[in-house]
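So you know, we letter chains A, B, ... as the sequences are listed, proteins then strands, and number each from 1.
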Amino acid sequence: MTSREIRQSFLDFFKSKQHKIVPSAPLVLKNDPTLMFTNSGMVQFKDFFLGNGTPPSVRIADTQKCLRVSGKHNDLEDVGFDGTHHTMFEMLGNWSFGDYFKKEAIEWSWEFLTGTLGLPKDRLYATVFGGDEKEGLASDEEARNYWRQYLPDNHILDGNKKDNFWEMGAQGPCGPCSEIHFDFRSDEERAKVPGEKLVNMDDPSVVEIWNNVFMQFERKADASLVVLPAQHVDTGMGFERLCMVMQGKKYTYDTDIFTPFIALVEKECGKTYTGSYERTAKSDVAMRVIVDHIRAVAFTIADGQLPSSNGAGYVIRRILRRAVRYAYSFLDVKDPLLNKLIPLLASEFADVFPELKAQEAFVQKVILEEEKSFLRTLENGLKRFETLRTEGSVIVGSEAFELFDTYGFPVDLTQLIASEKGLSVDTEGFEKCLQEQKQRSKKDAEKQVGDWIVLDDTPGVEFVGYDQLKVENTKVMKYRAVQDKKGLQYQIVVNRTPFYAESGGQVGDTGAMYFDGEKIEVIDTKKENDLIIHVVANLPENIHDERVRCQVDRDKRAAISKNHTATHLMHAALHNILGKQATQKGQSVDANRLRFDFQNPGAVSKNELAAIELMVNKKIRENIALHEVRNMPIEDARKTGAMMLFGEKYGETVRVITFDKDFSQELCGGTHVAATGEIGLFKIVSESAVAAGVRRIEAVTADAAEAYLNTEVAELNAIRDIFKNPKNTAQRVADLQDENKALRKQIEAMHLEQAASLQRSLRAEFQVIASNGAATEGVNVLIKQISLSDASAIKTLAANLDKEVGNAVIVFGSVKDDKPQLTISISPDLAKAKAWNAGAWIRELAKEIKGGGGGQAHFATAGGTDTEGLGSALEKAKELIK
RNA sequence: GGGGGAUUAGCUCAGUUGGCUAGAGCGCUAGAUUUGCAUUCUAGAGGUCAAGGGUUCGACUCCCUUAUCCUCCA
């Protein structure tokens, strides 16, 4: 079976068991502070298990893109060296939300594996939870009994708490699980060692393929376990591993999921893949790294996360750079390569994850630019390599660290190049520097989140902020303290709130809550999954008040809504003027301005910007009324042609915001004005680049737009005033600049002219030192106070005189801006021959004018504060040269 | 968010404890050679040394602030 057929048969199988098939959720998570990426199939259903939301169906199945590159599950550094680890992989899963439980879950896994897929029964093993005394948990006899219907006892194994008791986190739903393992060794090997000895023993030939989690408990904050009223099933099967087993391969890289990509890499680099897992088989490792990493990078970018220097974007950049590094070092590919895999990747996954195909050119461009930029970094690092300090034949650790930390040059490359030159790297010193850096960052990010103090655990929080900005009679459900470097804050959750929590790029509301008349300022409103959290500086006296009044800051909310609606109008205008590719890549809306990032091949021209602004303002003046549908089924929304974004997770029903159904229609959770006229005025403030193929426009509306224009006009008027209202102000300024430049040149020329005439008269004033001593005999000396002030003119003069007279020592005194300066010039040959040093002399003379100076042996200058001292300085010079 | 680094001619970059008239290569302009072009030679233009403060007799150089970019860590 091909991988495509295997995936489809899984989905078809569970569809036939009344499961709703849902699309994979985006890889990048938006409102979850505990997790950066989707790392398992259940992540998108977390709220259903926590009771914060209701699933669209009690039975669901899907294939989910997962990424394990940060946090608890981090496989990044293993990838390439073994045949099973991946950064991005697919997880096939089926779920029951309070519907079927162990019996059906086990029955169906068996039916699918042995029936649909036809896997041999004697090669399958099941593990069940064997109980845990400390927790007071008995073994899972229920699961064991179901398995007994299909497997002999020696194929059913007990597992410990670590392997067979699954927990989502420190708190929350949890329960025993049952894993299914597959033994694909040869019959000979199987005869020697029975498979049951190798389950969960890290044997690469006996692998776990499917895990069925039975959520039947809830872990409380005090670590106790409580039986859940509704019990759930959560399963996950590694798709790549399943394909490996089905296709009779030992490694996932040998399945048809990866082989076309390895072939393409072979073609691009001219090397052959030998399938070796020796650590010395560098080019094989490199090829596996590349074909693995490109998937993670491409799909994350397609889900809207661009490579950047922090957060999730940085993780993506690191994965991509790891791949480039391997290609660069072990495949000798010094030009961008990864991006060339995108067309194949896009077409291979077009039917499962269409988001890549839809953005193929864009994703390829982003990756190409990243590759180019990192290759430049590598080239720069190579240049710097030569300057590294060494102790003996060891490169100093802090030096290697600096190269890595400041210039981004990977330390393993430093080691590689070092060894080629017979050097090594002080890895201990490097590691020490790295640890120090980590400590610094950790200390900065230190944050202590207290336990929730629950006053009422009724699930569900009602948001009423679309319709009202004030709510009476709410009460606190729970609250907690959060301590970070900024200080102590509290977070409060109430049962009903008008406060909009930051999401979709719109900032959270601020305002106040009144407890028994006591005013508590709400500093910010945030979201954790679907929970709305109000951030406050202090707790009220009476937090138990059940008649709390919530009041959103009206002016601020109004300003935010104006900016948000203007963003929609601009988005529509972008599509009209720049074309359909100008889709959203990020936005940020607050009370002061709006910021919108979108896909566009190049800069937006001045004319286009003007046209966009014009169109938005026209729509504002049309005063189009808001048309809002709160609960439109997603399919209906799709049919109406509302704009949908990749990387956005939409529920079964969506909120559709329309301003003129033929103009702007978007799925959006944000707040908007009742009619576009409220915006008053829209003004673009800047246009810039944020990444390859992504532009950013910042704009202001209403009062802020007016203020912006007023400031600009006031500035222009001030300039006009200065020029006495000329016809063309810009031309007048340009003329003035030219004039200024010309005058400067004139002054320079005058100085030179002055110097030239001085030169003529000074030529005669040189004195030849006769035979008064051996040292200075025959030297032409000129010591004189001159009327030039410009330093470079004096220098030219000295240089010209020296050239003309030769074998000369020249000392000038001069005054500039009421400050004395001294200049000494000695013919270079003379200075060398006599070992005279103008710099040393001038320091001596500078004492007389209460200053200091320096320079080279043949030329030096000094400045001072005491003009009176010039005379004595020159006298001293005469003494010196005698 | 925290650290490190960078910003000098149109481009790529030098510029050693503060004092060279701020340089090189490529590119540009003009001329010469050759003349089929490449080439080669000569001359020239082009710089508020990122911006703003400060220290100093004197700042591209030292300190502070800001902006932009690079980079590592979280």
Side-chain angles (χ1 to χ4, degrees), chain A residues 33 36 70-71 307-315 317-318 321 370 372-374 376-381 383-384 387 398-411 430-431 433-447 484-486 686 688-691 737 740-741 744-745 748 751-752 755 788-800 802 813-826 828 831 837-843 845-867 869-870 873:
Chain A
M36 218 176 242
S70 62
S308 73
S309 59
N310 48 39
Y314 182 58
V315 176
R317 175 167 284 174
R318 243 172 41 182
R321 291 185 167 193
E370 272 294 307
K372 283 207 260 188
S373 134
F374 185 54
R376 265 198 304 273
T377 301
L378 289 181
E379 293 301 329
N380 286 337
K383 274 189 224 158
R384 284 202 165 261
T387 68
S398 60
E399 289 277 305
F401 181 74
E402 193 197 357
L403 191 63
F404 162 74
D405 179 52
T406 304
Y407 301 98
F409 197 73
V411 68
F430 177 89
E431 198 55 35
C433 292
L434 186 64
Q435 288 312 319
E436 278 167 14
Q437 148 120 294
K438 286 191 176 182
Q439 278 307 315
R440 264 199 306 274
S441 292
K442 277 221 178 84
K443 203 176 163 207
D444 177 72
E446 224 161 55
K447 189 175 167 186
D484 64 13
K485 64 173 175 175
K486 282 185 207 138
S686 76
S688 57
V690 275
Q737 261 184 334
N740 185 28
K741 209 170 186 177
R744 277 223 304 261
K745 295 244 163 191
E748 202 181 316
H751 280 147
L752 289 177
L788 282 181
S789 63
D790 182 65
S792 76
I794 293 172
K795 185 155 195 180
T796 308
L797 174 63
N800 286 345
D802 182 79
S814 57
V815 177
K816 186 188 184 188
D817 300 337
D818 290 330
K819 280 176 189 163
Q821 6 174 44
L822 291 166
T823 308
I824 298 181
S825 159
I826 307 173
N837 191 320
W841 289 3
I842 202 121
R843 270 188 282 276
L845 302 189
K847 288 177 187 162
E848 299 298 319
I849 54 170
K850 298 202 171 78
Q856 289 75 49
H858 68 281
F859 187 87
T861 57
T865 46
D866 184 13
T867 323
L870 264 181

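Note: CD (A:Gln435) to C1' (B:C72) measures 13 Å, nearest angstrom. Remark: C1' of B:G4 and OH of A:Tyr407 are 8 Å apart, rounded to the nearest angstrom. In this structure, the CG atom of A:Asp405 is 16 Å from the P atom of B:G2, given to the nearest Å. Taking atom CD on A:Gln821 and atom P on B:A59, their separation rounds to 12 Å, with Å as the unit. Rounded to whole Å, the distance from CG on A:Asn310 to P on B:C69 is 12 Å. The distance between atom CZ of A:Phe404 and atom P of B:C70, rounded to the nearest whole Å, is 17 Å. Remark: P of B:C13 and CD of A:Glu379 are 12 Å apart, rounded to the nearest angstrom. If you take CZ of A:Phe409 and C1' of B:G4, they are 18 Å apart, rounded to a whole angstrom.
The same atom, P, is picked in B:G27 and in B:U40; the two are 9 Å apart, to the nearest Å. The separation of B:G2 from B:A59, taken at their C1' atoms, amounts to 31 Å, rounded to a whole angstrom. On the P atoms, B:C62 is 16 Å away from B:U8, given to the nearest whole Å. For B:G19 and B:C28, the P atoms lie 35 Å apart once the distance is rounded to whole Å.
Between A:Gly381 and A:Phe409, the shortest heavy-atom contact is CA-CD1, 3.5 Å.
Pair assignment for B:U42 gives B:A30, based on Watson-Crick or G-U wobble hydrogen-bonding distances that are each under 3.5 Å. The base-pairing partner of B:A67, taking Watson-Crick or G-U wobble contacts with both distances under 3.5 Å, is B:U7. Pairing for B:G1 goes to B:C73, judged as Watson-Crick or G-U wobble with the two contacts each under 3.5 Å. In a base pair of the Watson-Crick type (N1 to N3 plus N6-O4 or O6-N4) or a G-U wobble (N1-O2 and O6-N3), with each distance short of 3.5 Å, B:C49 is matched with no nucleotide. Base-pair partner of B:U61: not found among the strands shown (Watson-Crick or G-U wobble, both distances under 3.5 Å).
In this structure the side chain of A:Val411 never reaches within 4.5 angstrom of the side chain of A:Leu403, judged on heavy atoms.
Listed nucleotides B:G1, B:C57, B:G3 differ in distance to A:Asp444; the shortest reach to its side chain belongs to B:G1.
Note on A:Ser309: a base of the nucleic acid sits closer than 4.0 angstrom, heavy atoms only. Residue-level contact check: A:Gly408 touches the backbone only, with heavy atoms under 4.0 Å from sugar-phosphate atoms and none from bases. A:Arg321 comes within 4.0 angstrom of the backbone, heavy atoms only, and of no base.
How far CD1 of A:Ile794 is from OG of A:Ser825: 12.5 Å, rounded to the nearest 0.5 Å.
A donor N or O paired with an acceptor N or O is found under 3.5 Å between the base of B:G2 and the side-chain atoms of A:Gln437.
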